[in-house]
Amino acid sequence: MNDEPAARMRLRLDIAYDGTDFHGWARQAAGDDGVAVRTVQQTIEEALQLVLRVPVVLTVAGRTDAGVHASGQVAHVDVPRESLDQRSIDGDPNRLVRRLAKLLPDDVSVRDVTEVTPDFDARFAALTRTYRYRVTTAPAGPVPTRARDTATWAKPVDIDRVQEAATLLLGLHDFAAFCKPKPHATTVRDLHEFTWRDVSTPQEPELFEATLTADAFCWNHVRAMVAACLDVGEGRRDAEWIDGLLAATQRDPQVRLAPARGLTLIAVEYPPADQLAARAHVTRDRRSQDLSNS
């Protein structure tokens, strides 16, 4: 039996960032001027490469859009085991946290780094993603200290009507009316939770938070559902409008998008280690069926 350690290892990174000044998660090609826009993926990959001195490519649980934040993002990366054997890391992945903190800008942080089995896949093994949306209808807008993660909605809303609309969206549906079209991608999702709360205080009046959990979300999905609920809450639409949207088979131009800055990815849930491979297989098989049926 070969007792030598594996040549490569898989690392899980738990990540947080303020998305205000990023053009989303995903690395993008350089423009005509040869300059690439600033993205979270590129920023972290470049820092990792400086520390490990090997090329790296991150796989992420959810590709957030421009302006969207994260406190519970998850990614994985495969690296040569020997790349962690250099001085000040000594084979301990968690020591990367301190090294990366010295290189990364203030608006992105790798909170934890752990070794995981090859069965762990940040994207395909995830059971659920949870987002939080923070919005104020106060005439003065958000307090300055929360201006980067709190959206403004121009009109007052009835929170009970907002919740009524959100409840209609729960369950397994084709959310095509809410999703920006993406080739060969399904818009069928299972929405487990969509809960609104009035979290107003004397310092932050007319403040509301929504929590949404689903197996996955498609492009613009969360912001479109939030806006639809707020439209019902302000009286622009009736709750029955939501039922009509769920029967649609394509993006509905009447569905607006809530501002990106109110949205934060707060958690990604995974199954126990012995179920990771099975979960990833099921998810990949579903994606393959989507491609074959398109």
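Numbers for residues simply follow the sequence, beginning at 1.
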- Message: With side chain to side chain contact (heavy atoms under 4.5 Å, CB included) as the criterion, how do Thr264 and Tyr17 come out once you've worked through the C-alpha distance, each side chain's angles and the decisive distance to 0.1 Å?
- Response: CA-CA 9 Å; Thr264 302; Tyr17 48 88; over 6 Å; no
Under a 4.5 Å side-chain heavy-atom rule over Ile, Leu, Val, Met, Phe, Trp and Tyr, are [X] and [Y] clustered together?
X: Val199; Y: Trp153; result: no
X: Phe217; Y: Val60; result: no
X: Ile15; Y: Leu263; result: no
X: Val110; Y: Ile266; result: no
X: Leu191; Y: Leu127; result: no

- Message: Taking the cut-offs as 6.0 angstrom to the six-membered ring centre and 45 degrees off its axis, would you call Arg189 and Phe175 a cation-pi pair?
- Response: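 Not satisfied by the 6.0 Å and 45° rule.
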Mind listing the side-chain donor-acceptor pairs of residues 140-147 below 3.5 Å, one per line with the distance, residues two or more places apart or on another chain?
residue	atom	partner	partner atom	Å
Arg146	NE	Asp149	OD1	3.1
Arg146	NE	Asp149	OD2	3.4
Arg146	NH2	Asp149	OD2	2.7

Can you confirm whether the side chains of [X] and [Y] place a donor and an acceptor under 3.5 Å from each other?
X: Glu193; Y: Thr195; answer: yes
X: Gln41; Y: Arg63; answer: no
X: Thr128; Y: Asp215; answer: no
X: Glu45; Y: Gln49; answer: no

- Query: Is the backbone N or O of Phe124 less than 3.5 Å from a side-chain atom of Thr283, with the two atoms forming a donor-acceptor pair by type?
  - Reply: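 Indeed, once roles are kept as given, a pair shorter than 3.5 Å links the two residues.
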- Query: Any donor-acceptor pair under 3.5 Å linking the side chain of Asp198 with the backbone of Ser200?
  - Reply: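 Confirmed, Asp198 side chain pairs with Ser200 backbone.
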Looking at [options], which one forms a side chain to side chain contact (heavy atoms under 4.5 Å, CB included) with [X]?
X: Leu48; options: Leu103, Val79, Val56; result: Val56
X: Lys180; options: Leu257, Asn220, Asp65; result: Asn220
X: Val108; options: Leu100, Asp18, Val40; result: Val40

- Task: I would like to know whether Leu96 and Ile89 meet side chain to side chain contact (heavy atoms under 4.5 Å, CB included); could you show each step before the answer?
- Result: CA-CA 7 Å; Leu96 285 170; Ile89 299 178; 3.7 Å; yes
- Task: Step by step, work out the side chain to side chain contact (heavy atoms under 4.5 Å, CB included) result for Val255 and Leu245.
- Result: CA-CA 9 Å; Val255 178; Leu245 293 175; 3.7 Å; yes
- Qualifying residue, where the test is salt bridge (Lys or Arg N to Asp or Glu O under 4.0 Å) with Asp231 and the options are Lys155, Arg161, Arg256: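 When Lys155, Arg161, Arg256 are each tested with Asp231, the salt bridge (Lys or Arg N to Asp or Glu O under 4.0 Å) holds only for Arg256.
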- With Glu115 as reference, evaluate Arg10, Arg81, Arg8 under the salt bridge (Lys or Arg N to Asp or Glu O under 4.0 Å) test and give the passing residue.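 For Glu115, the salt bridge (Lys or Arg N to Asp or Glu O under 4.0 Å) test succeeds with only one of Arg10, Arg81, Arg8, which is Arg81.
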- Flag yes if more than 12 heavy atoms outside Trp219 fall under 6.0 Å of its CH2 atom; otherwise flag no.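 Result for CH2/Trp219: open.
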- Applying side chain to side chain contact (heavy atoms under 4.5 Å, CB included), run through Asp90 and Arg95 and close with a yes or a no. CA-CA 8 Å; Asp90 298 328; Arg95 293 194 178 188; 3.0 Å; yes
- Item | Nearest-0.5 Å distance, OH of residue Tyr131 to NE2 of residue His69 |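 Going from OH on Tyr131 over to NE2 on His69, the span is 12.0 Å.
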- Roughly how far apart are Thr213 OG1 and Phe194 CZ, rounded to 0.5 Å?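 Reported value, rounded in 0.5 Å steps: 11.0 Å.
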- Item | Remaining members of the apolar cluster that contains Val57, side-chain heavy atoms under 4.5 Å |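 Under the 4.5 Å side-chain rule, Val57 groups with nothing.
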